[in-house]
Amino acid sequence: MEMGLPLFYAFSVLLNLASVAFAGDNSTPLCSSQFNTKCKPDTSGLHLTLYHPRNPHSPASISDVPISTILSHDEGRVKSLAHRLSKIPSSRPTSLDGHIDTKSVSDPLTPGGSVGLGNYVTQVGIGTPAASYVMVVDTGSSLSWMQCRPCAVSCHAQVGTVFNPKSSTSYHSLPCSANECTSLRSATLNPSACSSSNVCIYQASYGDSSFSLGYLSKDTLSLGSNFTFPNFTYGCGQDNEGLFGKSAGLIGLARNKLSLLSQVSPKLGYAFTYCLPTTKSTGYLSMGSYNSAGFSYTPLVSSSLDDALYFLKLAYISVAGKPIAVTASSYSSIPTIMDSGTVITRLQSDVYTALSKAFLAAMKGHKKVVAYSILDTCFEGKLASTAVPAVALVFDGGATMKLRPENIIISLNNGKLTCLAFAPATRVSIIGNTQQQTFKVVYDVGQKKIGFAPGGCR
């Protein structure tokens with residue numbers, strides 16, 4: 001991918017600003033009534049509150065963004081993930097006065113997935129003393145990053161004050177010789193760069209043209225009330241542009257060694273659990289050990305396409321208790337991943353067509369109407385939950401997600417239209433967050449399995 005003028009300008013600025021002095025900070029304390037954060041010790045372990053992006057009570061709500069816009073950017077995320085898995089090589093980035101680390105830019109990989117507007121958010125603490133920041137949570141990303149003063153090029157609008165590295169006694173940037181700098185290529189699928197003062201520069205770019213560019217750094221990470229992680233590696237963003245909502249940045253939960261998961265796993269264990277809530281409630285993200293009661297499991301699948309994403313095998317789908325009419329090979333003809341940031345589940349095209357036909361057959365008496373955005377199985381008006389046939393996703397090993405009506409259909413245009421919340425795909429199937437809502441989902445990476453349990457939140 002050719003480096004555009006904005007990124008070229010940003011790189012040029014950062015090459016010479018790594019040693020700049022930072023102004024004072026007025027960030028929100030980690031335990032803050034502004035966010036209604038519970039500051040009592042969580043005796044059950046590390047537990048963070050998750051907010052739906054369209055929950056009006058979320059600290060970074062995008063409830064004013066039209067659903068059509070969200071669906072449009074959701075399609076962008078899916079295309080970007082598909083492109084990422086195709087391993088199509090990018091063009092060599094433009095050289096910047098010889099400061100690019102030529103060892104890390106040869107044969108660069110494609111940019112990462114699109115962040116879009118479908119990601120859930122939580123709050124984490126950074127620095128010493130710790131201050132709280134609202135962050136996007138993304139299982140499809142590895143490198144965590146947040147906006148940092150002085151915002152040498154650009155910072156998007158966020159909730160609260162932008163983090164000031166000078167306010168933290170534990171902050172330090174990383175030199176270009178650091179192992180973490182070399183690891184950026186696998187974490188961001190972009191090469192690293194080196195400033196004129198020998199500070200490592202990262203670039204996290206996304207398929208919807210959003211990006212974060214800044215200095216690779218270390219600081220103390222605080223999660224919940226009881227857990228701190230010194231020397232947490234993350235990006236201190238000086239140019240952050242695109243669709244990040246009102247968040248301060250992003251925490252990556254993919255399997256790369258620079259992800260938050262990998263960095264906290266020596267202390268907590270190599271697993272995390274979440275329940276993605278609806279717009280009417282809150283959910284949670286828990287790191288480490290978990291109560292296995294009620295879970296059914298499917299193996300994590302290894303893939304040479306991308307060892308950071310969460311691959312699994314979808315065995316079959318049933319509607320009204322009967323498997324849909326499609327060959328077993330159709331399910332495995334393209335890879336399937338679990339993803340917290342994709343809104344609408346994508347299915348291999350033959351599988352989707354069979355699901356749509358079975359759903360329409362079960363919806364006798366309801367007339368199909370024209371498509372809405374990426375959704376083409378739609379009905380007039382608002383459907384009663386009793387009218388929606390049962391749909392189940394069954395994975396390899398027997399793990400089953402018995403979907404509720406709210407996981408199956410989506411109401412649009414103020415109840416004037418209802419659509420099946422699935423869409424076709426050609427290169428990668430994705431189990432999206434509409435179908436995951438209210439389920440407890442555990443990513444037990446240490447045991448190489450994903451588990452599902454109903455009724456985790458509302």
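We use all heavy atoms of the structure for the numbers below, so side chains are in, but hydrogens, waters and symmetry mates are not. If you're wondering where the values come from, they're calculated on a predicted model, not measured in any experiment.
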Under the salt bridge (charged side-chain N to carboxylate O under 4.0 Å, His left out) test, residues paired with R54 that sit two or more places apart: none
Among residues at least two apart in sequence or on other chains, which ones pass salt bridge (charged side-chain N to carboxylate O under 4.0 Å, His left out) with D339? R77
Where the side chain of T342 meets the backbone of I344, is there a donor-acceptor pair that is under 3.5 Å apart? no
Over all atoms of both residues, closest heavy-atom pair of Q435 and N407: NE2-O, 2.8 Å
Let me see the working for I126 and F163 under side chain to side chain contact (heavy atoms under 4.5 Å, CB included), right down to the final yes or no. CA-CA 8 Å; I126 197 75; F163 174 65; 3.8 Å; yes
Does the Lys NZ or Arg CZ of K218 fall within the cation-pi geometry relative to Y234 - under 6.0 Å from the ring centre and within 45° of the axis? no
With a 4.0 Å cut-off, would you call R346 and E75 a salt bridge? yes
Do C181 and C200 pass the disulfide (SG to SG under 2.5 Å) test, and can you show the C-alpha distance, the side-chain angles, and the key distance before you say yes or no? CA-CA 6 Å; C181 189; C200 181; 2.1 Å; yes
Name all pairs fulfilling the side-chain hydrogen bond (donor to acceptor under 3.5 Å, both in side chains) condition that reach into residues 245-257, sequence neighbours left out, sorted by first residue then second. S183-K257, S186-N256
Close aromatic pair by centroid cut-off 6.0 Å: F452 and F395: yes
Output, in order, the C-alpha distance, side-chain angles, deciding distance and verdict of side-chain hydrogen bond (donor to acceptor under 3.5 Å, both in side chains) for S259 and S142. CA-CA 4 Å; S259 74; S142 293; 5.7 Å; no
Does D64, at its CG atom, have more than 12 non-hydrogen atoms belonging to other residues, nucleotides or ligands within less than 6.0 Å? yes
side-chain contact (heavy atoms from CB on, under 4.5 Å) with T122: which residues, sequence neighbours excluded? L48, L50, V124, V137, I251
Around H172, counting heavy atoms of other residues, nucleotides and ligands shown, do more than 12 lie under 6.0 Å from its NE2? yes
Please state whether the rings of H156 and F244 are parallel, tilted or perpendicular, taking 30° and 60° as the class boundaries. tilted
Quick one: do R84 and D306 satisfy side chain to side chain contact (heavy atoms under 4.5 Å, CB included)? Show the steps, please. CA-CA 8 Å; R84 170 177 170 177; D306 192 318; 2.6 Å; yes
Which value, rounded to the nearest 0.5 Å, describes the distance between L189 atom CG and S141 atom OG? 9.5 Å
Could you please spell out the steps behind the side chain to side chain contact (heavy atoms under 4.5 Å, CB included) verdict for T426 and I334? CA-CA 8 Å; T426 57; I334 59 176; over 6 Å; no
Pair listing, side-chain hydrogen bond (donor to acceptor under 3.5 Å, both in side chains) test, anchored in residues 441-451, at least two apart: Y274-Y443, Y290-D444
For A60 versus V134, what's the shortest heavy-atom pair and its separation? CB-CG1, 3.7 Å
With rounding to the nearest 0.5 angstrom, report the CD1 to CD1 distance, I450 to I431. 9.5 Å
Run the numbers on S340 and N433 for side-chain hydrogen bond (donor to acceptor under 3.5 Å, both in side chains), then give the verdict. CA-CA 5 Å; S340 65; N433 62 38; over 6 Å; no
Check this for me: K402, atom NZ, are more than 12 non-hydrogen atoms of other residues, nucleotides or ligands nearer than 6.0 Å? no
Closest non-hydrogen atom pair between V445 and L300, with its separation: CA-CD1, 4.1 Å
Would you be so kind as to tabulate the donor-acceptor pairs closer than 3.5 Å made by side chains of residues 310-317, with sequence neighbours excluded?
from	atom 1	to	atom 2	distance (Å)
Y310	OH	L253	O	2.6

So do the side chains of Y171 and S217 get within less than 4.5 Å of each other, counting heavy atoms only? yes
